[in-house]
K.L.:
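The following block contains the structure, expressed as structure tokens.
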Amino acid sequence: MTGLRVLIVDDEADSREFIAFVLEQAGAIVTTASSSAEALQRFPQVVPDIIVSDIGMPEMDGYMLLRQIRDQLEDRYVPAIALTAYAGEMNQQQAIAAGFQRHLSKPVEPEEVVKAISALCNLERTPGYR
């Protein structure tokens, strides 16, 4: 995961900092945002390889955030993971329908996040990535 650029968006500081720590320990370059508005401001400068976003945030939820990011991307593909307290089959289907590639329920195990990111970014098949 060395050098992978990850944008983490979560209004809960503990959750955001925990995921950032886990990914930095795995070698990722992490940028965090505490709101969707902050994520939209940082997105053009960061140009992340993947987005990990909470769904239930005030003002603009993770679904709206992802729609706005997708509108900015034009032809570029950036995978996204919904990391949320909203568990269950219906919430997972809603996240996938909104454009997220994966749905992970909080609390999440560190290995689960790393594994999901690695799978979405094809790191497990890329030589030199661990």
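Since we're looking at a predicted model, the values are computed, not measured. Note: hydrogens, waters and symmetry copies are ignored here, and every other heavy atom, side chains too, is used.
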K.L.:
Are the side chains of V6 and I8 in contact, using a 4.5 Å heavy-atom criterion?
P.N.:
yes
K.L.:
Might you work through the side-chain hydrogen bond (donor to acceptor under 3.5 Å, both in side chains) test for S34 and D11, ending with a clear yes or no?
P.N.:
CA-CA 5 Å; S34 61; D11 61 321; over 6 Å; no
K.L.:
Are L120 and V114 grouped together when hydrophobic residues (ILVMFWY) are joined by side-chain heavy atoms under 4.5 angstrom apart?
P.N.:
yes
K.L.:
So, Q101 side chain and A80 main chain: donor-acceptor pair closer than 3.5 Å or not?
P.N.:
yes
K.L.:
Check step by step if side-chain hydrogen bond (donor to acceptor under 3.5 Å, both in side chains) holds for Q72 and Q68.
P.N.:
CA-CA 6 Å; Q72 290 180 21; Q68 289 195 23; 5.5 Å; no
K.L.:
Decide if atom CD of E59 counts as having more than 12 heavy atoms of other residues, nucleotides or ligands within a radius under 6.0 Å.
P.N.:
no
K.L.:
Would you call R16 and E12 a salt bridge, taking side-chain N to carboxylate O under 4.0 Å as the test?
P.N.:
no
K.L.:
Between D14 and K106 (salt bridge meaning N to carboxylate O under 4.0 Å), is one present in this structure?
P.N.:
no
K.L.:
Can you list the residues that meet the side chain to side chain donor-acceptor pair (under 3.5 Å) rule with S105, with sequence neighbours excluded?
P.N.:
none
K.L.:
In the single-linkage hydrophobic clustering (I, L, V, M, F, W, Y; side-chain heavy atoms under 4.5 Å), do V52 and I29 co-cluster?
P.N.:
no
K.L.:
With sequence neighbours excluded, tell me which residues meet side chain to side chain donor-acceptor pair (under 3.5 Å) with D49.
P.N.:
R5
K.L.:
Any donor-acceptor pair under 3.5 Å linking the side chain of S36 with the backbone of L65?
P.N.:
no
K.L.:
Please confirm whether the backbone N or O of R70 pairs with a side-chain atom of R76, one donor and one acceptor, at under 3.5 Å?
P.N.:
no
